[in-house]
Amino acid sequence: MPRLSEVIAALENLWPAERAESWDAVGTVVGDPDQEVTRVLFAVDPVQEIVDEAVKLGADLLVTHHPLYLRGTTTVAATHFKGRVVHTLIKHDIALHVAHTNADTADPGVSDALAGALDLRVTGPLVPDPADPEGRRGLGRVCALDHPLTVREFAARAAERLPATAQGIRVAGDPEALVRTVAVSGGSGDSLFDHVRAAGVDAFLTADLRHHPVSEARAHSPLALLDAAHWATEWPWCELAASQLDEISDRHGWDLRVHVSQTVTDPWTSHSPSPGAPN
């Protein structure tokens, strides 16, 4: 069986920590480098529900997309929910490793997985990484559809193929407009509107779209905007990452058992449409 240090080295090769944004908190949060790893669980959020799932599964390593302590802390006391997560992990010899913005810009990365879930053909990064001479890494992806769909049809595809959430898919724009090219970005994406407009695409699918940026974007152009749940746009990466680790395990003869959590950790739990609201 591989040691944690060996598995982490493989993960760091996929998502080097130095490619994370300066404000980010990636890497190993909990874990003994010498402990053996036999079972790994991938998830979006390092919350108690996921940690309890890792315990029940008998996982030795939990890999999440979102950091546990993004802004640092002065305590890991179990009186706080994040401290309880740390205590549970240590008590059950479960390591925690985070790949966040370094997985967003990877090749393949979070937005590649999102495009794959939507059956889109990636043509390049939305915001290329200038340090990548091949021009494949970067934030977001520009994609093409195999055949045109209306905005309504494309939104229905997203609602069907992304994990189900209370929010579903919100749309800004003409539902009958044709979509041939799409930009996608897993997670919060309304800081990318300038890049999306420069890409000249027909639609942009992302998450956490806010009122004012959307209103201004719609005033700029007929670009259609599709707003999915943050968790739903990033969960496909867990399946991609798990398959990458599976391949590494097979190559090294590690015989790891790699799992993807199906637990929905999107914080929104229900949705009541306004009577008479447009559909």
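Distance CZ/R141 to CG/D107: 6.5 Å, rounded to 0.5 Å. In this structure, CD on E12 lies 7.5 Å from CD on E18, to the nearest 0.5 angstrom. Going from atom OG of S188 over to atom CG of D190 covers 7.0 Å, rounded to the nearest 0.5 Å. Annotation: the span from H147 atom NE2 to L145 atom CG amounts to 7.5 Å, rounded to 0.5 Å. Here the CZ atom belonging to R157 is positioned 12.5 Å from the CD1 atom belonging to I169, to the nearest 0.5 angstrom. Separation of atoms OG (S185) and CZ (F204) is listed at 5.0 Å; rounding is to 0.5 Å.
At least one side-chain heavy atom of V184 sits under 4.5 Å from a side-chain heavy atom of L120. With contacts defined as side-chain heavy-atom distances shorter than 4.5 Å, the pair L256/D246 does not qualify. Two residues are said to be in side-chain contact when any heavy atoms from C-beta on lie closer than 4.5 Å; P33 and E6 fail this criterion. In this structure, the side chains of V98 and W15 stay at 4.5 Å or more apart for every pair of heavy atoms. Between R161 and D119, the closest side-chain pair of non-hydrogen atoms falls below 4.5 Å. Side-chain contact check for V142 versus T181: every heavy-atom pair is 4.5 Å or farther apart. Contact check for V201 versus V182: no side-chain heavy atoms found under the 4.5 Å cut-off.
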Before giving the answer on side-chain contact (heavy atoms from CB on, under 4.5 Å), spell out for L114 and V110 the whole-Å C-alpha distance, their side-chain angles and the decisive distance to 0.1 Å. CA-CA 6 Å; L114 175 57; V110 171; 5.7 Å; no
Derivation of the side-chain contact (heavy atoms from CB on, under 4.5 Å) call for L11 and H97: CA-CA 9 Å; L11 299 182; H97 186 79; 4.0 Å; yes
Could you please spell out the steps behind the side-chain contact (heavy atoms from CB on, under 4.5 Å) verdict for V40 and R257? CA-CA 6 Å; V40 183; R257 285 160 287 179; over 6 Å; no
Test log, rule side-chain contact (heavy atoms from CB on, under 4.5 Å), inputs V55 and I94: CA-CA 8 Å; V55 172; I94 302 172; 3.7 Å; yes
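The main-chain N or O of T150 is found under 3.5 Å from a side-chain atom of E153 such that the two form a donor-acceptor pair. Between the Q167 side chain and the D227 main chain, a donor and an acceptor come within less than 3.5 Å of each other. Distance alone, capped at 3.5 Å, places no donor-acceptor pair between the E239 side chain and the V260 backbone. Without hydrogens or angle criteria, T88 side chain to R84 main chain gives a donor-acceptor distance under 3.5 Å. No donor-acceptor pair closer than 3.5 Å links the side chain of R180 to the backbone N or O of D202. Counting only distance, with no hydrogens or angles, the side chain of R218 and the backbone of P222 share a donor-acceptor pair below 3.5 Å. One N or O on the side chain of D112 and one on the backbone of G109 form a donor-acceptor pair closer than 3.5 Å. Not a single donor-acceptor pair under 3.5 Å links the side chain of R137 to the backbone N or O of P130. A donor-acceptor distance shorter than 3.5 angstrom exists from the side chain of T233 to the backbone of G187, with no hydrogens or angles considered. In this structure, the side chain of N102 does not engage the main chain of R19 through any donor-acceptor pair within 3.5 Å.
Shown here for F154 and L205, the closest heavy-atom pair between the two residues is CE2-CD1, 4.2 Å. The minimum heavy-atom distance linking W235 with S261 is given by the pair NE1-O, 2.9 Å. Shortest non-hydrogen contact noted between A166 and T269 is CB-C, 3.7 Å. Looking at every heavy atom in both residues, S111 comes nearest to G186 through OG-N, 3.3 Å. Contact record, L118 with A158: CD2-CA, 3.6 Å, taken as the closest heavy-atom pair. Counting all heavy atoms, side chain and backbone alike, A95 lies closest to L4 at CB-CD2, 3.6 Å.
Under the 4.5 Å side-chain heavy-atom criterion for grouping Ile, Leu, Val, Met, Phe, Trp and Tyr, L192 is connected to L223 within one hydrophobic cluster. L57 and L89 fall within the same hydrophobic cluster, defined by Ile, Leu, Val, Met, Phe, Trp and Tyr side-chain heavy atoms under 4.5 Å apart, directly or through other members. Placement of V29 and F42 in two distinct hydrophobic clusters is found when ILVMFWY residues are connected by side-chain heavy-atom separations under 4.5 Å, directly or transitively. Neither V44 nor L41 shares a network with the other; the hydrophobic side chains, linked directly or stepwise wherever heavy atoms of I, L, V, M, F, W or Y lie under 4.5 Å apart, form separate groups for each. When hydrophobic clusters are built by joining Ile, Leu, Val, Met, Phe, Trp and Tyr residues whose side-chain heavy atoms come closer than 4.5 Å, directly or via intermediates, L14 is grouped together with L240.
Within 6.0 Å of CG in D34 there are more than 12 heavy atoms belonging to other residues, nucleotides or ligands. When the shell of 6.0 Å around CD of Q262 is examined, it contains more than 12 heavy atoms from other residues, nucleotides or ligands.
For E176 and R152, the salt-bridge test passes: some basic side-chain N is under 4.0 Å from an acidic carboxylate O.
No side-chain donor-acceptor contact under 3.5 Å links T263 and E49.
D24 is linked by a side chain to side chain donor-acceptor pair (under 3.5 Å) to H100, T101, counting only residues two or more places apart in sequence or in another chain. Among residues two or more places apart in sequence or in another chain, the ring-ring contact (aromatic ring centres under 6.0 Å, His included) test is passed with H195 by none. With sequence neighbours excluded, no residue forms a salt bridge (charged side-chain N to carboxylate O under 4.0 Å, His left out) with R71. In this structure, the salt bridge (charged side-chain N to carboxylate O under 4.0 Å, His left out) partners of E247, at least two apart in sequence or on a different chain, are R251.
Residue pairs satisfying the ring pair (Phe, Tyr, Trp, His ring centres under 6.0 Å) criterion with at least one member in residues 240-279, sequence neighbours excluded, are listed as follows: H252-W254.
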Show which side-chain atoms of residues 59-70 pair as donor or acceptor with protein atoms under 3.5 Å away, not counting sequence neighbours.
| from | atom 1 | to | atom 2 | distance (Å) |
| --- | --- | --- | --- | --- |
| D60 | OD2 | T38 | N | 2.7 |
| D60 | OD2 | T38 | OG1 | 2.7 |
| D60 | OD2 | R39 | N | 3.0 |
| T64 | OG1 | H66 | O | 3.0 |
| H65 | ND1 | A99 | O | 2.8 |
| H65 | NE2 | D104 | OD1 | 3.4 |
| H65 | NE2 | E234 | OE2 | 3.3 |
| H66 | ND1 | D45 | OD1 | 2.5 |
| H66 | NE2 | H230 | NE2 | 3.3 |
| H66 | NE2 | E234 | OE1 | 2.7 |

